[in-house]
Each structure stands twice: as structure tokens, then as C-alpha cells.
Asks: 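This structure is in C-alpha cells; I'll ask about it shortly.
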Protein chains: 2
Amino acid sequence: MPRPHRPTIIDVAHAAGVSKSLVSAALRGDAGVSADSRRLVEQAAARLGYRTNGWAQRLASGRSNLVGVLLTDLRNAYHTDIVNGIEDAAAEAGYGVILSHGRNDPGILRARLADLVGLGVDAVIAVTARLGERDLADVAGRLPLVVVGRPATVPDTAGWISNDDETGARLAVEHLLSAGHTRIAYLYASDRPAAVARRDSYRATSGATGLEFDERDDGIRRLVDAVRSPAGPTAVFTANDRLAVSLLARAADEGIDVPGDLAVVGYDNTELAELMRPGLSSVDQPREWMGRTAMRHVLSMLGGEAPQRDIAEPTLVVRASSRSSDDRPGAGGHGATLGSRPARCGE
Amino acid sequence: MPRPHRPTIIDVAHAAGVSKSLVSAALRGDAGVSADSRRLVEQAAARLGYRTNGWAQRLASGRSNLVGVLLTDLRNAYHTDIVNGIEDAAAEAGYGVILSHGRNDPGILRARLADLVGLGVDAVIAVTARLGERDLADVAGRLPLVVVGRPATVPDTAGWISNDDETGARLAVEHLLSAGHTRIAYLYASDRPAAVARRDSYRATSGATGLEFDERDDGIRRLVDAVRSPAGPTAVFTANDRLAVSLLARAADEGIDVPGDLAVVGYDNTELAELMRPGLSSVDQPREWMGRTAMRHVLSMLGGEAPQRDIAEPTLVVRASSRSSDDRPGAGGHGATLGSRPARCGE
DNA sequence: CTGAAAGCGCTTACAG
DNA sequence: CTGAAAGCGCTTACAG
């Protein structure tokens with residue numbers, strides 16, 4: 001494909017019989033260009049198949065009108081709504097969005113963050129907890145950076161949409177307590193801040209039964225074994241849905257009835273939670289809102305305001321996996337309609 | 001944050017006491033720059049915290065070394081391995097990757113495709129079947145475009161990594177036939193080319209039993225009802241895993257045993273297939289390979305070669321959802337180790 | 001409302 | 001192996 005000399009604004013100017021700056025002004029939609037001139041320019045541009053050269057535009061204007069979004073990985077359904085929220089808010093403000101992901105690897109994450117900055121975006125939203133303060137601070141010193149999630153620390157030069165893991169875990173455990181469970185376990189698989197916060201809140205709420213299982217140490221198997229013993233747990237709160245789903249599979253394999261023998265509550269309320277049988281109770285986060293809010297922070301920082309912090313309030317969605325038999329509605333365990341709003345929280 | 005005059009190569013040149021072009025050459029890693037000069041320049045650059053301005057570089061060089069990747073949506077786990085394949089091949093060739101997604105909406109998809117082109121990437125890989133030939137041809141006339149998937153038509157100005165849906169469906173149905181099933185149903189939810197190709201191949205292989213169910217027309221419910229009738233299906237092949245999972249949930253709700261009452265085989269072998277109980281048999285596609293191959297096509301087109309077409313050969317992964325009781329191995333239904341390679345296909 | 005000039009920060013030939 | 005010049009295609013003031 002011998003690129004046939006892509007037309008420039010000079011070509012359009014010639015074709016329209018006007019000056020180059022008029023073309024620029026007209027194309028940018030600058031007010032103060034007569035309707036006639038504008039039409040003239042637009043027609044000439046269309047006739048020549050003119051497309052503005054983004055690199056030149058950005059070099060000359062000094063702004064890209066682009067925000068880079070960095071995701072921990074592509075696999076996590078949790079990200080989707082956040083990205084949509086960001087994109088909607090960005091589009092409303094005339095910004096484009098560039099996506100990148102770190103394959104769940106801190107090294108790759110760091111490299112992608114650098115790529116994004118090198119690309120020349122105006123700001124970055126990092127939807128990940130796996131970036132160190134050093135890396136975050138480095139970028140935040142250069143351009144507006146907003147973190148979505150719960151890393152160990154976020155430099156105060158960056159904006160931050162934080163999870164309220166304490167409340168989320170409390171909602172889950174209180175729900176199980178109010179269903180009569182007294183021996184509630186916690187299943188986790190990492191020492192990341194969110195998992196630790198959930199655990200601490202679990203301990204404070206459940207009365208620290210000592211029933212904690214680390215999947216990195218074969219926790220699911222040990223948990224399932226424990227369920228069979230007399231003083232074993234009758235319910236479990238897991239650090240995320242992924243773990244809960246693996247647990248459900250194992251329980252099914254081992255003939256353990258959920259919720260009969262073991263009630264289960266997960267975290268994140270991903271698409272999976274609704275598809276599983278039994279349906280998985282899970283703590284939901286306002287993901288769309290988190291995305292929109294992150295973009296709002298970006299815009300305010302771009303406008304020169306200081307970085308802020310916002311906290312996302314979780315809610316609990318109850319499904320069959322934690323429903324006691326006496327309040328089980330009908331056959332299935334759908335319950336998607338249940339408790340998707342804060343209303344259910346305190347119950 | 002008062003941007004403190006970001007240093008340019010001119011600043012670096014002054015600091016290093018050399019000319020601006022030497023800085024450019026050294027920074028680009030141009031051979032033919034003495035080791036001493038290079039060190040001098042690099043040190044000065046590091047000292048000043050110099051970062052190359054991507055927009056200027058791309059404007060001046062005329063290339064971005066960036067390929068845009070457009071995904072149907074972010075939710076589909078199917079995409080992940082493809083993207084990884086693309087990124088690995090791109091990195092090896094010195095290219096960066098920019099991600100975009102269309103939220104499963106043809107209009108948004110089209111807009112994002114235009115955004116990518118407007119951004120100024122060197123080439124585009126469209127991992128979607130939801131773009132019309134018009135849109136594809138429009139882009140393919142401008143820069144190298146490679147399509148991954150199975151749209152209705154792909155202009156021959158574009159490269160193409162196509163699914164072999166015929167073979168995939170045949171593998172699934174033959175597997176069910178060889179397990180003794182004679183009344184095999186097909187469950188689908190769209191008329192997209194891939195679904196149609198799978199259906200046609202299903203018909204040809206299964207002997208067209210007429211047991212076809214469209215989920216847009218309450219197909220899952222009707223299928224489950226049919227299973228209970230004397231001449232109802234004893235097995236079903238679904239157009240994708242998502243449908244299969246919904247079916248498994250419904251079957252569980254209705255007390256239908258899988259695979260006892262109904263054997264199920266899905267398509268795509270997403271992560272879900274392995275997590276479900278019973279584990280879901282599914283047709284696998286070589287996603288990583290598809291991504292790498294797409295990038296290889298891009299590079300060859302960038303090198304002036306004509307667009308080509310490649311076909312991805314599917315394989316079948318058998319899990320508990322379609323395993324007859326006499327060959328069920330032990331308790332569970334994991335079987336992730338089974339048939340993940342072509343070896344199993346012909347059986 | 002319109003036009004000529006300078007400049008954004010690089011790279012690309014092209015002399016030395 | 002190194003330096004001065006021109007140019008990539010826009011935008012931004014700034015006169016008219």
C-alpha cells in the first residue's frame with residue numbers, strides 16, 4: 001500500500017482557496033469562523049479525505065486529551081464496569097481513553113505504567129493495588145494520577161478511590177451471624193492490603209474464632225476437612241469470588257452441601273456469582289461509580305486542584321449460597337434481585 | 001503542579017556539551033555513536049530527568065511503532081490469551097500495543113476503530129466479528145488491518161485469522177455420538193457467522209435431528225422441558241460456554257442431572273468451563289497462537305507483503321459434563337488434564 | 001472574521 | 001564518528 005501522500009491542512013487550504021490557519025481554526029470548531037468559511041473548509045477536507053494528524057496536533061497543542069487506564073489484568077470481570085464508568089465520564093469531557101494491563105504481574109504493571117506515560121497521555125488512572133508507592137509517586141510527580149483500589153500506600157500527590165473493605169467484610173460476617181452461624185471461617189490467598197483489611201474486619205466482627213485458611217497453603221482442602229469435624233465452621237467468608245467459586249467446586253466434589261453444611265459469602269459480586277449454583281452471595285462494590293469518580297478526580301487535577309480521596313461504599317448481595325433453608329425462596333437460588341442496594345446492608 | 005519545563009534534547013545537548021543530533025542518535029541507540037559519547041549523553045539525560053517526547057518523535061519519524069487492538073468487549077475471558085499473544089509478538093518486534101474495546105456494541109466498536117486510526121497507530125488488529133465489511137475495508141485502505149474471528153465478510157485488503165467453526169462443532173458432536181448419544185440438540189443465541197457455521201456443521205454431523213433451541217426465544221427453558229420428554233435430547237452442543245453455563249444453572253435448578261440426563265459440550269473453553277461443576281466439556285481454540293499470528297501478519301503487511309489468511313484449528317477438551325458414567329474417573333469432574341491437545345480430537 | 005510567522009521536539013539526510 | 005539545516009503537520013499568538 002504505497003501511502004498516497006496523506007493530505008495536510010495545507011492541501012485543504014489550497015483546495016478551499018483559504019489560508020492554512022483558517023483551515024485549522026475551522027476544523028477545530030473554533031468559534032469566530034464564519035459559517036460560509038467553515039462549510040468551504042469542511043467540503044474541501046471531505047473531498048480530499050483529509051484526516052488530522054494526531055501526533056502533530058498533540059505536539060503543537062501540548063495536550064493529548066487522552067487518559068491512560070492501567071488494569072491489573074484483563075481476566076478480572078471486576079474491571080469492566082470501572083472502565084465503562086471511566087470511559088463514559090471521559091467521553092463527556094472530550095477525553096479519549098487508552099487501555100493497558102499488567103497481566104497480574106508487578107513487573108509488567110510497572111513497565112506498562114511507564115509506557116503509558118511515555119506515550120504522552122495527559123493523566124493516568126491505575127486500577128490496581130499492585131503498584132508500589134515509589135512507582136506511583138514517580139508518575140504522580142509528572143502528571144495527574146488517580147489510583148482505584150487499595151494498594152499498601154498511595155502517595156498524597158495522587159488521587160485515590162479506595163475500597164471500604166472493613167465495611168464490606170463486616171456486612172458479610174454480620175449477615176452470617178444473623179443467620180445463626182457462630183463458627184465462621186475466613187478463606188484468603190494473599191497478604192495484599194485489601195485481603196488484610198477484610199481479615200481484620202472479619203476478626204473484629206466474628207469474634208476471632210481462629211478459623212482462617214490460606215489457599216496458598218492448601219486452605220480450601222483444609223477448610224473442607226474442617227467442615228466435617230464437630231467443631232468445624234458452618235460458614236465461610238472468602239476474600240474474593242474467585243476463591244469462593246473454587247471452594248464451591250471443591251465442596252461439590254466432596255459432597256458437602258452449600259449452604260446446608262457450609263454457607264459461603266464471597267467478595268466482588270462478579271458475573272460468576274450469579275451464574276454459579278448455588279448462586280453466590282457476595283459483597284458488591286459500586287464499580288461504575290468508582291470509574292466515573294476516578295475520571296472526575298482526573299479532570300479536577302487537570303484543572304489544577306489538589307488530589308483527593310474518595311471511598312467506595314460496598315453493599316451485600318445475598319444469594320442461595322448463604323441463605324438458611326427457612327428463608328429460601330422457591331426452588332433455585334437466583335436472588336439477583338435481592339439486596340443489590342445498600343438497603344440490605346444493615347439487616 | 002507547575003510543569004517545570006520538561007527538558008528536551010537541546011537541554012541534554014547543552015548539558016553534555018554535544019550537538020542535538022548526537023543526542024538524538026545516541027538516545028535512539030544508533031550504531032555509529034562512540035561508546036564515550038553515548039555514555040556522556042546518557043548521563044546528561046539521566047541527570048536532567050529527560051524523557052523523549054513521543055508526539056514529536058512520531059511526527060518526525062512518521063511511525064508510531066504502535067499497534068491498536070480492538071476487542072469486542074472486556075468481559076469475554078476469551079480475549080485475554082489472544083491479547084497476550086499479540087503483546088508478546090509485538091514486544092519482540094519492538095512494537096507497543098494500545099487496547100480498546102467496543103462493549104459488545106457495533107456502534108461503539110465502529111467509533112473505537114475510528115479512534116484508533118485517528119490516534120495514529122501503525123496498524124490495527126480487530127478481535128471481533130461485529131464489524132461490517134464497509135468499516136473494515138475503510139480502515140484496511142489506510143493501514144494494515146488484521147481481523148481475528150469470524151465476521152460475515154473480511155475484505156481481501158485485510159489480513160484474517162479465522163476460526164474453524166466447522167471442525168470445532170464436528171469434534172463436539174462426534175464426541176457425543178461416540179458416547180452413544182443419538183438425539184443431540186443445539187443451543188444458540190445469535191445468527192452471527194460463527195454460530196451459523198457451528199450449527200451447519202452440527203446438522204451435518206448429528207444427522208439433523210431438528211432439536212435446535214434459540215435462547216432468544218426462551219431456548220434454555222424449552223430445551224430443559226424437552227429433556228424430560230421421551231423423545232427428548234440426551235445431549236446438547238451449545239454455541240458458546242456462556243450459554244452452556246446458563247444451561248447448567250437451569251438444569252441444577254430443575255433437578256436435571258448433567259451428564260446423566262443431559263450431556264453438555266460448550267465452545268471456547270473459557271476459564272469458566274474448568275470452574276463449573278460438573279466441569280464443562282468445551283471446544284478450545286489456540287488463542288495465544290491466534291494473537292501471535294495476527295501480529296505476525298501485521299508485521300509482514302507493514303513490510304509491504306499482501307494480506308493473508310490463517311485458520312485456527314480447534315481441539316476438544318472433555319470434562320465431566322459429557323463423560324458417560326462408565327468412563328468417569330474417580331469422584332470429581334476436573335479433567336483439566338484431559339484432551340487439552342489435538343491428540344484427543346479424532347477419538 | 002482572516003492571514004503570515006514562529007514554534008512544538010523530534011528525525012532525517014547530508015556535509016564534514 | 002559528529003554538526004548545521006530542513007522539515008514532520010499541526011497550533012498559537014498577533015497583526016490586520
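Atoms considered below: every heavy atom in the structure, side chains included; atoms not considered: hydrogens, waters and symmetry mates. Naming convention: chains lettered A, B, ... in sequence-line order (proteins, then strands); numbering from 1 in each chain.
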Asks: Given atom CG of Leu59(B) and atom C1' of dG7(D), what is their separation to the nearest angstrom?
Replies: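 After rounding, the gap between these two atoms is 9 Å.
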Asks: Can you see which heavy atom on Gly102(A) is nearest to which on Leu109(A), and at what distance?
Replies: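 Shortest heavy-atom contact: CA-CD1, 3.3 Å.
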Asks: When you get a sec, tell me which of dG9(C), dC10(D), dC1(C) is the closest nucleotide to the side chain of Ser34(A)?
Replies: dC1(C)
Asks: Report yes if at least one side-chain N or O of Ser24(B) is closer than 4.0 Å to OP1 or OP2 of dT11(C); otherwise report no.
Replies: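 It does, given that an N or O in the side chain of Ser24(B) lies less than 4.0 Å from OP1 or OP2 of dT11(C).
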Asks: Any side-chain donor-acceptor pair under 3.5 Å between Arg58(A) and Asn65(A)?
Replies: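 No, Asn65(A) and Arg58(A) have no side-chain donor paired with an acceptor closer than 3.5 Å.
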Asks: Any side-chain to backbone donor/acceptor pair from His297(A) onto Pro307(A)? Under 3.5 Å, distance only.
Replies: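 Not at all, since once roles are kept as given, no pair shorter than 3.5 Å links the two residues.
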Asks: In whole angstrom, give the distance that lies between atom CZ of Arg38(A) and atom P of dT2(C).
Replies: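 Taking atom P of dT2(C) as the reference, CZ of Arg38(A) is at 10 Å.
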Asks: Can a side chain N or O of Arg28(A) be found less than 4.0 Å away from OP1 or OP2 on dT12(D)?
Replies: yes
Asks: May I have the distance from Ile9(A) (atom CD1) to dG3(C) (atom C1'), rounded to whole angstrom?
Replies: 13 Å
Asks: What's the closest nucleotide to the side chain of Ser61(A) if the choices are dG7(D), dC10(D), dT11(D)?
Replies: dT11(D)
Asks: To the side chain of Thr8(A), which of dT12(C), dG9(C), dG9(D) is closest?
Replies: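 That would be dG9(D).
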Asks: Which nucleotide in the set dG9(D), dT11(D), dT2(C) lies at the smallest distance from any side-chain heavy atom of Lys20(A)?
Replies: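 Closest of the options to the side chain of Lys20(A): dT11(D).
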Asks: How many whole angstroms separate atom CZ of Arg63(A) from atom P of dC8(C)?
Replies: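 Going from Arg63(A) (CZ) to dC8(C) (P), I get 17 Å.
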Asks: Tell me: CG of Leu22(B) to P of dC10(C), nearest whole Å?
Replies: 14 Å
Asks: Side chain of Ser37(A): nearest nucleotide among dC10(C), dG3(C), dT2(C)?
Replies: dT2(C)
Asks: Any side-chain donor-acceptor pair under 3.5 Å between Arg287(A) and Asn84(A)?
Replies: no
Asks: Nearest to the side chain of Val18(B), which nucleotide is it out of dG3(D), dC10(D), dC8(D)?
Replies: dG3(D)
Asks: Return the value, rounded to whole Å, for the distance between atom CG of Asn53(B) and atom P of dG9(C).
Replies: 7 Å
Asks: Take Ala56(B) and Gly17(A), find for each the nucleotide of DNA chain C with the closest heavy atom, and name the residue whose nucleotide sits nearer the 5' end.
Replies: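 Here Gly17(A) is the residue nearer the 5' end.
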Asks: Might you point out which heavy atoms bring Arg38(B) and Gly29(B) nearest each other, and give the distance in Å?
Replies: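 Scanning both residues, the minimum pair turns out to be NH1-CA, 3.6 Å.
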Asks: For dT2(D), which nucleotide in any strand shown is its Watson-Crick or wobble partner with both distances under 3.5 Å?
Replies: dA15(C)
Asks: Which whole-number value in Å describes the distance from Ile10(A) CD1 to dA5(C) P?
Replies: 13 Å
Asks: Has the side chain of Ser21(B) got a donor or acceptor that lies under 3.5 Å from a partner of the other kind on the base of dA4(D)?
Replies: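 Side chain to base: pair present.
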Asks: Could you tell me how far apart Trp55(B) (CH2) and dT11(C) (P) are, to the nearest whole angstrom?
Replies: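 Trp55(B) atom CH2 is separated from dT11(C) atom P by 15 Å.
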